[in-house]
K.L.:
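Pasting in a structure now, in structure tokens, and then I'll have a few things to ask.
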Amino acid sequence: SQHRLGGEMVNIEGKLYLVGGSVKGSGEEREPSKLIEVYDPASNQWSTLTDQIPLETTSQVRAFAYFDQLGLYSAQQNGSTRK
């Protein structure tokens with residue numbers, strides 16, 4: 001639904017999951033994409049799985065297939081949690 005730079009595409013059971021990357025924000029700035037979109041080649045259709053990645057931050061999200069599930073990871077966090 002939006003032009004993305006640096007997103008990751010993962011194949012799970014014949015469907016392609018597009019995660020992360022950046023999209024055009026306000027002005028010339030780019031911002032991390034919060035969407036996870038799914039392409040189904042059988043129907044030639046895109047759909048939105050979720051409009052909010054379920055992580056603290058959407059910056060530098062990595063996506064991978066874990067058996068038949070979509071795994072997400074990011075080492076980034078919004079603040080310091082020193083104890």
Side-chain angles (χ1 to χ4, degrees):
S1 64
Q2 299 172 307
H3 181 261
R4 292 197 207 186
L5 293 176
E8 294 200 351
M9 190 164 287
V10 178
N11 181 351
I12 300 174
E13 295 186 346
K15 293 184 180 179
L16 302 174
Y17 292 78
L18 180 58
V19 179
S22 65
V23 295
K24 187 176 191 267
S26 59
E28 297 296 316
E29 298 296 316
R30 297 196 65 82
E31 57 188 41
S33 175
K34 298 176 183 177
L35 296 176
I36 298 177
E37 295 178 290
V38 183
Y39 176 69
D40 183 358
S43 64
N44 193 29
Q45 296 280 323
W46 281 96
S47 61
T48 299
L49 179 65
T50 182
D51 61 356
Q52 182 62 49
I53 290 177
L55 296 172
E56 181 180 335
T57 179
T58 56
S59 178
Q60 299 181 14
V61 171
R62 303 295 302 196
F64 55 94
Y66 182 73
F67 295 98
D68 62 349
Q69 298 181 25
L70 180 64
L72 303 176
Y73 171 80
S74 176
Q76 304 297 311
Q77 60 184 24
N78 289 329
S80 175
T81 57
R82 281 187 164 171
K83 292 190 179 200

K.L.:
Given 3.5 Å as the limit, does a donor-acceptor pair link the side chain of T48 with the main chain of T50, or not?
P.N.:
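Side chain of T48 to backbone of T50, a donor-acceptor pair under 3.5 Å: no, none is there.
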
K.L.:
Show which residues join V19 in its hydrophobic cluster (side-chain heavy-atom contacts under 4.5 Å, direct or indirect), or state none.
P.N.:
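Members other than V19 - counting any ILVMFWY side chain reachable under 4.5 Å - are V10, I12, Y17, I36, V38, L49, I53, L55, V61, L70, L72.
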
K.L.:
In a table with atom names and distances, give each donor-acceptor pair under 3.5 Å that connects a side chain of residues 28-35 to protein atoms at least two apart or in another chain.
P.N.:
from: R30; atom 1: NE; to: S22; atom 2: OG; distance (Å): 3.0
from: R30; atom 1: NH2; to: S22; atom 2: O; distance (Å): 2.7
from: S33; atom 1: OG; to: L35; atom 2: N; distance (Å): 3.3

K.L.:
Just grab all the salt bridge (charged side-chain N to carboxylate O under 4.0 Å, His left out) pairs involving residues 7-16, residues at least two apart or on different chains.
P.N.:
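Pairs touching residues 7-16 that pass the test: E8-R62.
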
K.L.:
Check the pair E37, R4 against side chain to side chain contact (heavy atoms under 4.5 Å, CB included), reporting the backbone distance first and the verdict last.
P.N.:
CA-CA 11 Å; E37 295 178 290; R4 292 197 207 186; 2.8 Å; yes

K.L.:
Should side-chain heavy atoms under 4.5 Å link Ile, Leu, Val, Met, Phe, Trp and Tyr, which residues sit in the same cluster as Y66?
P.N.:
F64, F67, Y73

K.L.:
Quick one: ring pair (Phe, Tyr, Trp, His ring centres under 6.0 Å) pairs with a partner in residues 22-53, sequence neighbours left out?
P.N.:
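Qualifying pairs, neighbours excluded: Y39-W46.
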
K.L.:
Just jot down the side chain to side chain contact (heavy atoms under 4.5 Å, CB included) partners of S43, sequence neighbours excluded, or say none.
P.N.:
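D40, Q45.
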
